[in-house]
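Below is one structure; the comments refer to it alone.
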Amino acid sequence: MSSVELVGLHKSFGAHEVIKDINLSIDEGEFVALVGPSGCGKSTLLRIIAGLDETTTGDILLDGEIVNDETPRERNVAMVFQSYALYPHMTVTENLSFNLKLSRLPAAEIMARVAEAARLLELGDLLKRKPSQLSGGQRQRVAMGRAIVRKPALFLFDEPLSNLDAKLRVQMRSEIKALQDKVRTTSIYVTHDQIEAMTLADRIVVLNKGRIEQQGKPLDLHRRAANIFVAGFIGSPAMNFLPATARLSDRGPVAELADRTVLQIATGARIRDGQPLRIGLRPEHLALVPDGGIPARVRQVEPTGAQTHLHVALAGLDVVVVVDGGIEIAKASSVQLRIAPELVHIFDAETEARLNGDHG
Amino acid sequence: MQGIQVSGQVPRRTRSKGQRRLTKLQPYLFIAPAMIFYLGFLVYPMLVSLWTSFLDWDGLSANYTFVGLKNYTDFLFHDDVAQTALYNNVLWTLGALTIPTSLGLLMALILNRRMPGTLAFRTIIYAPAVLPLVSVGLIWSWMYNPNFGAINLFLHWVGLGNLAGGWLSSFDMAMPSVFITYVWGSVGLPMILYLAGLQAINGDYYDSARVDGANAVQRFRHVTLPGLRESHVIVLSLAVIGGFKVFDLIYTMTYGGPGRVTQVLGTWMYFQTFQYYHAGYGAAIAWVIASIILVLAIPYIRHMSKE
């Protein structure tokens, strides 16, 4: 197990800078997810940590030692690729043992380690098969086995579940979690799927355009997103954003929406009267009330089973509301919405930074 | 108009016997034009040539004698030139399997990198492959000319005049000289096929091998070579097939000489059929060539394609 430290990392491809001043510390045994949209630099960052790409400037430290010039093998990292990258001409056993053979381990040791990985990942019946004879989930498991068989200091996952169907993805997610609980190896997991990040990671690092937007525990990011980007990225369905103007009235601070609808917001926000805002409303925080709420018209109803997603028109914008799947609401009907003032996220319209509550 | 039936019975369209027969025939009618061409221009001539190989026939007159396997036994036991030709073909094929294919792979590996000018180099190296071999043979015959050929002029110019000679008239040098011409014209195709193969190898395999600790040689051995399996099948099969049907270069450059030292099965078949009017014997040589190619190439293609 290793601790990881990235100090002032920059990476440019020609004139295009894809990683901009990344500073990050990861403790031994920690599971960190790097999330962000396509092109945010998360995979490049992972490749730099693996030793597959070089930094332009900055240092990578493993256990306090600078490893910038070391090969992936010298760094003792294992990586699981999105495409699994299992050698197609080798059997499962040969795939699992390839690294160990290159390391010139004794045959008995290799067989013992392969058997152990096969037992952990239930690959026993598949050892003589080639990758083309395996299903997506089995390939994924072999890719994981190939990583753990080496007993690396650091696990790197590059969107390992992206090629699986939705059901298998959920299953493999819990298998990865269970495996990590068993081996407790420091892990860095790259994904664009925030649900994967939320469910797996001890800590999430949100990247955007090569910079760290925010890092923290999954629920902290969900509850106290530092800015509009993070707030919009974390959470599913995504947060609703509405332009508003801050009003400081006798009844406390309120947000006035474009259609003059007034929304009570929590006291303590760093706002001034007349300040342009963007308020964020999580779909699951909006509740239907019989009366006294904000009136809205239902545009679209999307039942998902346990929940129903309502698309409603609020202040002229499309807002998603998550309600219990048992509630039956017709399209074009009128509803009343309420949200607790402390659950309204307030952002500066210009800087897009959070204005209420702390963020870590 | 009739309303929707609610009885649960779906009305069926009935077809006449003639219509059903036509439906069955339809696929065969679609492939019929191609089949007629295939049978008329490929299968029939092959069968005629096989029949001819059992005859003593000059290829022109109406008279012929059925001699059974005599043409084949003559080829195997009584024809010294045929033995020389077979030996030359085997050597040629071994050379074709190794030299242009290795050079093509090497070129492909070099030109698969992102470097300025790679497209120009690819085009230049592939260019000879689009020339007819007859033209290639003629061009190189001029270059090998002992009096005004570019090769001897060059050797004199760099002070190696003692090496200059009659390349195509030398018993020792004629075959290697023709083979060099073949290599010049044959590197382009394997290079293009290997380049296509290299570009189809997922880059993740190389990254994975690097993470596994494989050095450049090990990556070539465990990722590149297996990844080029399909390209190997095509390149090596073409080399075997080409090695046994070589004709144009020998015909234009040495005409089988000096003596008969550069005879190959293709030219010997031609001489027997059209110069000496032994059509039956010529057909037998053609079937020997075809059989060797089938025996060598088909098991290889089947084995490699299994994976």
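Letters A, B, ... mirror the listed sequences (proteins, then strands); counts begin at 1.
- With a 6.0 Å radius and a threshold of 12 heavy atoms from other residues, nucleotides or ligands, A:F13 has its CZ atom above the threshold.
- Counting non-hydrogen atoms of other residues, nucleotides and ligands closer than 6.0 Å to CD of A:E175 gives a total above 12.
- Annotation for A:D125: atom CG does not count as buried by contact number, only 12 or fewer foreign heavy atoms lying within 6.0 Å.
- Heavy-atom neighbours of A:E122 CD from other residues, nucleotides or ligands within 6.0 Å: at or below the threshold of 12.
- Listed in order of number, the residues of residues 76-86 of chain A that approach chain B to under 4.5 Å between heavy atoms are A:V77, A:A78, A:M79, A:F81, A:S83, A:A85, A:L86.
- Once rounded to the nearest 0.5 Å, the distance linking CZ of A:F98 with NE2 of B:H222 reads 4.5 Å.
- Under a cut-off of 6.0 angstrom, the local environment of CD in A:E54 is sparse, with at most 12 non-hydrogen atoms contributed by other residues, nucleotides or ligands.
- With a 4.5 Å cut-off on non-hydrogen atoms, A:R146 touches chain B through its side chain but not through its backbone.
- The local environment of CD in A:Q133 is crowded, with over 12 non-hydrogen atoms from other residues, nucleotides or ligands closer than 6.0 Å.
- Within 6.0 Å of atom NZ in A:K20, more than 12 heavy atoms from other residues, nucleotides or ligands are found, so the atom counts as buried in its surroundings.
- Against chain A, the residues from residues 205-216 of chain B that qualify, each with a non-hydrogen atom under 4.5 angstrom away, are B:Y205, B:D207, B:S208, B:A209, B:R210, B:V211, B:D212, B:G213, B:A214 in number order.
- Of the residues considered (A:A50, A:P88, A:A143, A:G51), A:P88 shows the highest number of contacts with chain B, using heavy-atom pairs under 4.5 Å.
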